[in-house]
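By convention in this document, chain letters (A, B, ...) are assigned in the order of the sequence lines, proteins followed by strands, and residues within each chain are numbered from 1. All values below come from the heavy atoms of this structure, side chains included, with hydrogens, waters and symmetry mates left out.
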2 protein chains.
Amino acid sequence: MQIGSRFTIGVHIITAIDYFKDMDRVNSEFLAGSIGVNPVIVRTVISSLREAGIVQSRRGSSGAELARPLDGITLYDVYKAVHSVDEAEGLFHFHEQPNPDCPVGRNIHKALNPRLANAQEALEDELRCTTLAEIVEETRQAIQNELH
Amino acid sequence: MQIGSRFTIGVHIITAIDYFKDMDRVNSEFLAGSIGVNPVIVRTVISSLREAGIVQSRRGSSGAELARPLDGITLYDVYKAVHSVDEAEGLFHFHEQPNPDCPVGRNIHKALNPRLANAQEALEDELRCTTLAEIVEETRQAIQNELH
DNA sequence: ATAGTTGTAATATATCATATTACAACTAAG
DNA sequence: CTTAGTTGTAATATGATATATTACAACTAT
């Protein structure tokens with residue numbers, strides 16, 4: 001069980017938009033080529049990022065742009081934007097039909113749910129610690145280091 | 001995208017084994033009734049817990065028992081035992097074919113992977129903070145509180 | 001006008017979790 | 001030692017969901 005790749009695709013998109021902004025026409029086909037997925041997937045993820053106010057894009061006009069500075073975007077923002085995880089359901093899937101006629105069945109969630117929420121929050125807090133500015137900067141440095 | 005219910009099923013199993021150990025014959029059918037899933041799923045999860053040294057069970061002999069004290073079992077132990085998440089793959093699914101001919105495509109994982117690992121570790125560390133002794137105790141208290 | 005792109009729906013495919021069926025291996029009780 | 005009942009596990013089916021693909025109207029820029 002894994003968190004879907006739309007999250008890392010979203011990070012890749014933002015990084016590529018910034019990196020290539022002065023060099024190429026960064027449209028969905030170009031991005032799809034860099035990421036290695038279908039252009040429609042790219043457009044779908046971009047739509048999510050647009051709805052979250054992270055990037056700008058519109059019909060007919062080729063290419064996407066960032067809607068706010070890179071240091072104002074965290075990994076958590078991207079994670080939430082692409083809704084890799086359903087907000088209401090939470091990260092952990094609790095078995096859905098514990099028996100209400102069983103004392104354990106109807107009470108265990110009271111003990112377990114707060115712990116699952118804490119674990120999910122720990123993950124999200126960690127994602128909030130990194131901005132896309134850091135990701136882009138480190139990617140640029142990695143590219144520089146290739147030259148040696 | 002969610003972490004599968006085998007994890008919470010595992011916690012439910014351990015809690016029920018302890019709670020009912022002096023009252024009922026806690027076999028896979030009984031547990032399946034309490035949890036609300038198929039008995040074979042219960043037996044599969046118990047197999048995982050047995051391989052992790054958390055419970056004891058064997059062919060023919062009805063019922064499972066705990067293999068070690070409840071305060072020596074953490075939520076993380078259960079989480080790992082049922083392999084809700086593949087060890088090698090990690091919690092986050094990185095898109096699999098970033099373009100090696102693109103500088104961003106072949107370098108972004110260097111910047112992103114450590115952050116994803118940190119987030120996963122934060123989640124797991126939080127799961128290590130809770131023992132099954134706490135879960136069982138709180139479940140017992142919740143059952144007690146029902147009487148008022 | 002025209003060529004090219006986006007947004008989005010519809011559909012297909014792939015993957016994986018859970019459900020179900022089936023049964024040999026085994027235990028315990030009589 | 002026979003029998004009823006359970007476990008471990010394989011095989012298969014079902015269901016849910018993520019990603020891929022096709023298609024095209026809406027739109028932009030030239």
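Considering only side-chain N and O atoms, Ser47(A) lies under 4.0 angstrom from the phosphate OP1 or OP2 of dT8(C). Between dT19(D) and Ser5(A), a contact under 4.0 Å exists linking OP1 or OP2 to a side-chain N or O.
Shown here are the ring-ring contact (aromatic ring centres under 6.0 Å, His included) partners of His95(A), two or more places apart in sequence or in another chain: His12(B). Take Arg128(B) and apply the salt bridge (charged side-chain N to carboxylate O under 4.0 Å, His left out) test, not counting sequence neighbours, and it matches Asp125(B). Judged as a side-chain hydrogen bond (donor to acceptor under 3.5 Å, both in side chains), and not counting sequence neighbours, Arg58(B) has no contacts. For Asp18(A), the side-chain hydrogen bond (donor to acceptor under 3.5 Å, both in side chains) partners at least two apart in sequence or on another chain are Lys21(A), Arg140(A). Under the salt bridge (charged side-chain N to carboxylate O under 4.0 Å, His left out) criterion, Glu126(A) pairs with no residue at all, not counting sequence neighbours. With sequence neighbours left out, Thr74(B) forms a side-chain hydrogen bond (donor to acceptor under 3.5 Å, both in side chains) with Asp77(B).
The list of ring pair (Phe, Tyr, Trp, His ring centres under 6.0 Å) pairs with a residue in residues 25-55 of chain A, not counting sequence neighbours, reads Phe20(A)-Phe30(A).
Between the C1' atom of dT5(C) and the CG atom of Leu31(A) lies a distance of 13 Å, rounded to the nearest Å. In this structure, Ile9(B) places its CD1 atom 12 Å from P of dA17(C), rounding to the nearest Å. Distance Gln2(A) CD to dT17(D) C1': 14 Å, rounded to the nearest Å. Between the C1' atom of dT17(D) and the CZ atom of Phe7(A) lies a distance of 19 Å, rounded to the nearest Å. Nucleotide dT15(C) holds its P atom 13 Å from the CD atom of Glu89(B), rounded to whole Å.
Interface residues of residues 50-62 of chain A facing DNA chain C, ordered by number: Arg50(A), Ser57(A), Arg58(A), Arg59(A), Gly60(A), Ser61(A), Ser62(A); criterion, heavy-atom separation under 4.0 Å. In the region residues 34-44 of chain B, proximity to DNA chain D at under 4.0 angstrom, judged on heavy atoms, holds for Val40(B), Arg43(B).
Listed for the Gln97(A) side chain is no donor-acceptor partner under 3.5 Å among the backbone atoms of Ile35(B).
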